[in-house]
Amino acid sequence: MSTRLIYFAWVRERIGKPEEDVELPAGIETVADLLRWLKSRGEEYEHALQYPDVIRVAINQEHVEHREKIAGAREIALFPPMTGG
Amino acid sequence: MSGAPTVRIQREDFDVAAEIAKLTEGRADIGAVVSFSGLCRDEQGQLSALELEHYPGMAEAEIARIAAEAIARWPLQGLTAIHRHGKIAPGENIVLVVAASAHRQAAFEAANFLMDFLKSRAPFWKKEHRADGSDGGWVEAKDADDRAAARWTQSPAD
């Protein structure tokens, strides 16, 4: 099952695309695992995810912590801390 | 509060007076209305515009979740939150929160709460366009905004 990844703000700019569908390899169980795997996919990902601790994540449009399991996620969004308001 | 809060994410401007009137029209039980408007500053002439990016779908959902929490916490009689996206020039509106209640304290506190959480949890990002034509980059999140949101979850003893 493929998972849709969506990127915003400087995460989007550094990765160079707004979204993509990926097949997650076995063993990617949590958000932290996903960030580690993505970071190894090329230098644009390395640049975007250089400091994984600052990256905020939403699964199916709800904020989650990095320890959250991603099983069953249709849509996972990665973005910097928010600056609205 | 009977009825759902009004939450809108839109490119176009809003009319503060009209939004207040929509909450109070035909009602005699509301004793207090507090509105907060957030505007784009020019940063001493250095900024020509802000570009607001948002996460469609989640932006509405997250603000609705924050609004539901405010409704659970204070005795409100109306609540509206509107957030704009796209390019916004200095002097223009960015965000509006209107809270209505029987007595003023609930409306003041709910509007404050909504803004604090909206800043730290609603998926919006600001990019600066400089007056000299250069790209000012993405606005950095402030620790002060996180602290402002955190104070609502501290116990009174803290």
Side-chain angles (χ1 to χ4, degrees), chain A residues 2-22 30-31 34-35 38-39 43-85, chain B residues 7 9 36-41 50-66 81-86 88 93-97 111-128 135-149:
Chain A
S2 77
T3 307
R4 170 147 297 189
L5 301 180
I6 309 182
Y7 312 120
F8 291 100
W10 53 254
V11 175
R12 171 180 56 71
E13 288 182 343
R14 290 179 186 179
I15 290 177
K17 52 185 132 186
E19 58 182 59
E20 61 184 320
D21 291 323
V22 297
T30 65
V31 167
L34 171 71
L35 293 176
L38 274 177
K39 210 175 145 183
E43 58 182 36
E44 62 274 36
Y45 292 91
E46 168 72 37
H47 181 43
L49 308 175
Q50 192 178 3
Y51 303 104
D53 289 354
V54 308
I55 304 294
R56 305 297 174 93
V57 179
I59 294 182
N60 301 339
Q61 307 197 346
E62 281 198 54
H63 291 296
V64 295
E65 301 290 336
H66 287 195
R67 61 176 180 273
E68 187 82 14
K69 293 250 197 299
I70 57 177
R74 299 180 306 277
E75 181 174 304
I76 305 179
L78 275 57
F79 42 80
M82 291 140 281
T83 54
Chain B
V7 174
I9 312 297
F36 172 85
S37 307
L39 288 78
C40 176
R41 285 183 304 266
L50 281 176
E51 185 98 41
L52 272 114
E53 180 168 331
H54 76 300
Y55 184 173
M58 181 173 169
E60 290 85 345
E62 189 62 28
I63 295 177
R65 283 190 280 268
I66 300 166
I82 302 173
H83 205 305
R84 294 180 65 197
H85 64 89
I88 295 177
N93 291 317
I94 299 175
V95 63
L96 174 70
V97 165
N112 206 359
F113 170 91
L114 213 70
M115 277 309 302
D116 280 349
F117 278 88
L118 207 144
K119 283 193 93 84
S120 58
R121 294 187 62 88
F124 288 85
W125 301 271
K126 291 189 184 109
K127 188 172 204 173
E128 293 183 342
D135 174 352
W138 294 95
V139 172
E140 274 198 51
K142 294 189 188 77
D143 287 343
D145 289 333
D146 281 339
R147 284 196 299 275

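Naming: A, B, ... by sequence-line order, numbering from 1 per chain.
In this structure, no portion of B:D116 lies under 4.5 Å from any heavy atom of chain A. Using a 4.5 Å cut-off between heavy atoms, B:R84 makes no contact with chain A at all. For a residue to count as touching a neighbouring chain, one of its non-hydrogen atoms must lie under 4.5 Å from one of that chain's; by this rule B:K127 touches chain A with the side chain only. In this structure, chain B has heavy atoms under 4.5 Å from both the backbone and the side chain of A:E62. There is no contact between B:E51 and chain A, counting heavy-atom distances below 4.5 Å.
Among the candidates A:A58, A:P80, A:A9, the residue making the largest number of heavy-atom pairs closer than 4.5 Å to chain B is A:A9.
B:F124 pairs by the ring pair (Phe, Tyr, Trp, His ring centres under 6.0 Å) definition with B:H54, B:H83, not counting sequence neighbours.
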Checklist line | Candidate pair B:F36 and B:N112, rule side chain to side chain contact (heavy atoms under 4.5 Å, CB included), full reasoning | finding: CA-CA 8 Å; B:F36 172 85; B:N112 206 359; over 6 Å; no
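Interatomic distance, CZ of A:F79 versus NE2 of A:H63, reported as 5.0 Å (0.5 Å rounding). In this structure, NE2 in A:H47 is found 12.5 Å from NZ in A:K39, a value given to the nearest 0.5 Å. Within the model, atoms CD of B:E140 and CG of B:D145 stand 12.5 Å from one another, a figure rounded to the nearest 0.5 Å.
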